[in-house]
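Throughout, numbering of the chain's residues begins at 1 and tracks the sequence. Note that ligands are numbered from 1 as they come in the structure, with each ligand's atoms numbered from 1 the same way.
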Amino acid sequence: MAYKRQIGRLPIVPADAKVHNVVCHYCIVGCGYHAYTWDTNHQGGTAPDQNVFGVDLSQQQEAETPAWYSPSMYNIVKQDGKDVHIVIKPDRDCVVNSGLGSIRGARMAEMSFSRQRNTQLQRLTDPMVWRYGQMQPTSWDDALDLVARVTAAVIKEQGDDGVFVSAFDHGGAGGGYENTWGTGKLYFGAMKVKNIRIHNRPAYNSEVHATRDMGVGELNNCYEDAELADTIMVVGANPLETQTNYFLNHWIPNLRGTSTEKKNKELPGEPHEPVRVIIVDPRRTVTVNACEVEAGKERVLHLAINSGTDLALFNALVTHIADQGWTDKDFIAASTNGFDKALAANRTTLEQAAEITGLTVDQIKQAAAWIAEPKDGKRRRTMFAYEKGLIWGNDNYRTNGSLVNLALATGNIGRPGGGCVRLGGHQEGYSRPSDAHVGRPAAYVDQLLIEGKGGVHHIWGCDHYKTTLNAHQFKRRYKERTDMVKDAMSSVPYGERQATVDAIVGAVGKGGLFSVDVDIIPTKIGQASHVWLPAATSGEMNLTSMNGERRMRLTERYMDPPGQSMPDCLIAARLANHLERVFREAGDNAVADQFKGFDWQTEEDAFMDGYHQHEKGGEFVTYARLRAMGTNGFQEPATGLGETEPLAAGTSTGEPGEVLGGPAIEGARGKEPVQKAAPTNAGSPPEPAAGTERIIGTKRLYADGKFNKEDGKAVFAETQWRGLQAAGKQEEKDKFSFLINNGRTNHVWQSAYLDQQNELVMDRWPYPFIEMNPADMAELSLNQGDLVEVYNDNGATQAAVYPTPTAKRKETFMLFAFPTGVQGNVVSPGVNEFIIPNYKQTWANIRKISDAPEGMKHLSFKSQEYQVV
Ligand SMILES: Nc1nc2c(c(=O)[nH]1)N[C@H]1C(S)=C(S)[C@@H](COP(=O)(O)OP(=O)(O)OC[C@H]3O[C@@H](n4cnc5c(=O)[nH]c(N)nc54)[C@H](O)[C@@H]3O)O[C@H]1N2
Ligand SMILES: Nc1nc2c(c(=O)[nH]1)N[C@H]1C(S)=C(S)[C@@H](COP(=O)(O)OP(=O)(O)OC[C@H]3O[C@@H](n4cnc5c(=O)[nH]c(N)nc54)[C@H](O)[C@@H]3O)O[C@H]1N2
Ligand code: SF4
Ligand SMILES: [Mo]
């Protein structure tokens, strides 16, 4: 057990602390926080007028008081070159989280760069270039000149197709509308790059082509719908651990029956039964446990299907629901096309589905009733939510389509308590020029890199060494190719730029690859790179994103970026400036002209050039208006501007175009309206400036029954079952003993890029865990904490054994993307027809490497389930 850094006493946030709106930069939920900063030479006092909370801190506070913060929410950082105290704590008035933090977000402060308190000193502070056999710091101009010259030389020889790009496309840290626009304008505007991939998959495509093709955008409901639903069906997701405060703040009230008042208000005259939950996941997650504890076992149906068989289940559910006459005939007639045809094509009996999924006929019947059997003659309201167990699961396109079929057939899209939605990963923040030239299917970029294609690789905020599929093979080839360039660079005197560029281009001609990594830390893939460009991240720049209910907010810059680091959008702009110069110097004026339009000086310039001008409703959205709307923001798309005064709580109409949010909104857990903090302006969240109009947003999509198709009608999809779809998966399953299911855990954010320097996380998980049934462990003579090798024909990796009695025999679950054991090493290159990876269906063998290493010995291996008596 790690003990926290010695903090006997934390400073009291003074009444005059500066307050910044912050949205947690980690997951999709986008919880509202405030960052309080003040000079290090003083602190507040206990009297109500001396602290930002406006309360008498000499008295014991009530249990749920917002007038406190934990050590993880505190740090000392630089602001405008001066040391300041910083406290980043959840905002009670934000309707998303109502003051809740999570084990990730509540650590934002201690995960900030601080020379004073030695946190995150791994952060890159300067551009770095491969010189004298190692990475060496340099200036922006020096680094960008090298990148621009090599990139220009590759373009001259191979055209834009020689430029390979890996880039984030999301919101939050390492993303946001500013930065997706900056990188997008560079690669899709100035250049027409088609060998580009997204951070989490090996091509430039959609995770959810099917739902979009059907006319249904994937983030179509609002978080309140989880409070209004009669039934929640969740597929391949573990929201307690991965969309934590959405689950805690909006699902739990419904599970506990405390959202009934809201139901009566929003849905008057409807019968309200306690909620039911259907969870489709081959393994028992802590979400299943939490739902059982909170709603009662009898209201939770865990469908522990055979891995990868969701499609057969959904087809059978639609068939059975139609046979029972439970479909929404009026909705189908008015708002959809192709139902009868799809129904006939996808017809699957309960018995067929039971055979494929491993469920019983009764379980499937029960699920159908919970989804669609009318309640007292009224239609049941069912919300469908899915994430990576479906998206990275077997046969992505058809499975996604079949779930949307189920939601459409039961009339559950566009109405309160419904929706068929991704739960989401990161926040969203996509704004780019058209990617139409990329084509569909898009290029399988990883394969092309493995085959030796491409001359230069620009990487923006992703680390394929930890997170791609077929990672073992990818790393072998990537190292070979980049080593060729390193050796070439070492063969010339470094002062001679032209000679260096010539040597690099010569090595590229022989199959080498020049690699540029734009990141906030030295990454694993960066070990192979020749240039590192240091990025500023959320809070060190102003950054806009939207969350899983399309709620857009501005995170205000609250601290300085480390050293010379810059926002990604400005790095893209400066790179464009250098490319323009290099082409012009070479006399290629026509090409040089394509790189015009990057004279942004701030991230706000990039925002105004991108989102404001190009996105739907963007003309209404400015930094000033977002700032005024605080952590509640508005739900995209914006439809206009409203009154200057915030609406009082309770005036919601629930209609599209409703004004949402505002500082006075009631705590979403049904608490009393939260008392405004400080008596003076200093400590309060920023109030709308006089004359700042509020942005009017959209609460739910498709509330008018019109979908994203020319005739406004959603289309049902034909989605026949075809077994394990990706090439080689069935053979892998037949050959190897263990399913290596994989994914996330509560503590760890993504590839642990910041967590790897956090003692709380690294003490808990020195190695990635692999959950195993104790009987399987006994067969392999394994004890808890033992280090095992996981291996198959794709590669090998290691993990530490976590005994898990609820795990099915021969079905393990491994933490993904961890620095001390990369699960992707054993994931095959098999993808679907649109190059969507199938990370989840992986089979391998397991052998013991050693007894529990020292770092594992003191750890608890208790069940992570909780019981409430
Ligand atoms: N086996 C397996 N593999 C998977 C998955 C799985 O379930 N199983 N899931 C996939 C999914 S859904 C995802 S999202 C991916 C994640 O794959 P990646 O995106 O490659 O992983 P992250 O850890 O999110 O990497 C983010 C990188 O961005 C950097 N970064 C953070 N902030 C900034 C910033 O402001 N600017 C810049 N330039 N860089 C920044 C971090 O330091 C880090 O190196 O993994 C995918 N891979
Ligand atoms: N704590 C934490 N939260 C996160 C992240 C994080 O790194 N840490 N990352 C964020 C990101 S980028 C993403 S994309 C999301 C991912 O969020 P989730 O999708 O909720 O997370 P995962 O753990 O990848 O996978 C979810 C579940 O899919 C199940 N599964 C595996 N195979 C199948 C199958 O064949 N069928 C079905 N139905 N289920 C299957 C797994 O058992 C697992 O419980 O989380 C986001 N939130
Ligand atoms: S639930 Fe997600 S957004 Fe909210 S604090 Fe946790 S990591 Fe941040
Ligand atoms: Mo993700």
Participant: Within ligand 2, which atoms have a heavy atom of N741 less than 4.0 Å away?
Facilitator: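 Reading through ligand 2 atom by atom, the close ones are 31 (C), 32 (N), 41 (C), 42 (O).
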Participant: Checking the N or O distance criterion of under 3.5 Å, is ligand 2 in contact with R422?
Facilitator: no
Participant: Is any side-chain heavy atom of W251 less than 4.5 Å from a side-chain heavy atom of I232?
Facilitator: yes
Participant: With a cut-off of 4.0 Å, which atoms of ligand 2 are near a heavy atom of H426?
Facilitator: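 Per the distance check, 12 (S).
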Participant: Going by the closest heavy atom to atom 43 (C) of ligand 2, which one wins out of T467, I305, N238, D281?
Facilitator: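 Heavy atom nearest to atom 43 (C) of ligand 2 belongs to D281.
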Participant: Where on T244 is there a heavy atom closer than 4.0 Å to ligand 2, on the side chain, on the backbone, on both, or on neither?
Facilitator: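 It is neither part, as no heavy atom is under 4.0 Å.
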Participant: Which of the numbered atoms in ligand 2 are under 4.0 angstrom from any heavy atom belonging to Q841?
Facilitator: 32 (N), 34 (C), 35 (O)
Participant: For ligand 2, which is the ligand I care about here, please tell me if E241 has any N or O atom under 3.5 Å from one of the ligand's N or O atoms.
Facilitator: yes
Participant: Does ligand 2 have an atom under 4.0 Å from some heavy atom of H170?
Facilitator: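 Contact check H170 vs ligand 2: negative.
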Participant: Using a strict cut-off of 4.0 Å, indicate which atoms of ligand 2 neighbour a heavy atom of A237.
Facilitator: 20 (O), 26 (C), 27 (C)
Participant: So is R104 polar-close to ligand 2, meaning N/O to N/O under 3.5 Å?
Facilitator: yes
Participant: Would you indicate which of T242, V748, D395 comes nearest to atom 6 (C) of ligand 2 when only heavy atoms are counted?
Facilitator: V748
Participant: Tell me whether ligand 2 is touched by T745 - counting only heavy atoms on the residue side and a distance under 4.0 Å.
Facilitator: yes
Participant: Does some non-hydrogen atom of G393 fall short of 4.0 Å from ligand 2?
Facilitator: no
Participant: Counting only nitrogen or oxygen atoms and a 3.5 angstrom limit, does G425 reach ligand 2?
Facilitator: no
Participant: Could you name all protein N, O or S atoms found under 2.8 Å from atom 6 (Fe) of ligand 3?
Facilitator: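 Protein N, O or S atoms closer than 2.8 Å to atom 6 (Fe) of ligand 3: S102 OG.
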Participant: What protein heavy atom lies closest to atom 25 (O) of ligand 2? Include the residue and the distance to one decimal.
Facilitator: K840 NZ, 3.6 Å
Participant: Please list, in number order, the atoms of ligand 2 under 4.0 Å from a heavy atom of Q243.
Facilitator: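 So the answer, numbered in order with elements, is 17 (O), 20 (O).
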Participant: Check whether F813 forms a cation-pi arrangement with R283 (NZ or CZ under 6.0 Å from the six-membered ring centre, at most 45° off the ring normal).
Facilitator: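 The answer is yes; both the distance and angle limits are met.
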Participant: Write down the atom of S737, the atom of K810, and the distance for their closest heavy-atom approach.
Facilitator: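 Shortest heavy-atom separation between S737 and K810 comes out as O-CB, 3.7 Å.
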Participant: Which ligand 2 atoms does G236 reach within 4.0 Å, using its non-hydrogen atoms?
Facilitator: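 This gives 19 (O), 26 (C), 27 (C), 28 (O), 37 (C), 38 (N), 39 (N) as the contact atoms.
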Participant: In terms of residue, atom name and distance, what is the protein heavy atom nearest to atom 19 (O) of ligand 2?
Facilitator: K388 N, 2.8 Å
Participant: Could you tell me whether N306 and ligand 2 have an N or O pair separated by under 3.5 Å?
Facilitator: no
Participant: State, with a plain yes or no, whether a side-chain heavy atom of I103 is found less than 4.5 Å away from one of L760.
Facilitator: yes
Participant: Going by the rule salt bridge (Lys or Arg N to Asp or Glu O under 4.0 Å), which residues pair with K388 if we only count those two or more places apart in sequence or in a different chain?
Facilitator: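 K388: salt bridge (Lys or Arg N to Asp or Glu O under 4.0 Å) contacts with E207.
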Participant: Has Y246 got any heavy atom lying under 4.0 angstrom from an atom of ligand 3?
Facilitator: no
Participant: Please confirm whether L390 comes under 4.0 Å of ligand 2, counting heavy atoms of the residue only.
Facilitator: no
Participant: Report yes or no: does a heavy atom of P239 sit under 4.0 Å from some atom of ligand 2?
Facilitator: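 Heavy atoms of P239 never come under 4.0 Å of ligand 2.
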Participant: Is there a nitrogen or oxygen of N742 sitting under 3.5 Å from a nitrogen or oxygen of ligand 2?
Facilitator: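 By distance alone, the answer is no.
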Participant: Pairs of nitrogen or oxygen atoms closer than 3.5 Å, one from G308 and one from ligand 2: do any exist?
Facilitator: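 Yes; at least one N/O pair falls below 3.5 Å.
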Participant: Could you name the option among Y26, W749, F816 that has the heavy atom nearest to atom 4 (C) of ligand 2?
Facilitator: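 Closest candidate by heavy-atom distance is W749.
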Participant: Need the ligand 2 atom indices (1-based, order shown) with element for anything under 4.0 Å from a heavy-atom of N746.
Facilitator: 1 (N)
Participant: Checking the N or O distance criterion of under 3.5 Å, is ligand 2 in contact with D310?
Facilitator: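 Such a contact does occur with ligand 2.
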Participant: Just jot down the ligand 2 atoms closer than 4.0 angstrom to any heavy atom of T285, in number order.
Facilitator: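 What qualifies from ligand 2 is 44 (O).
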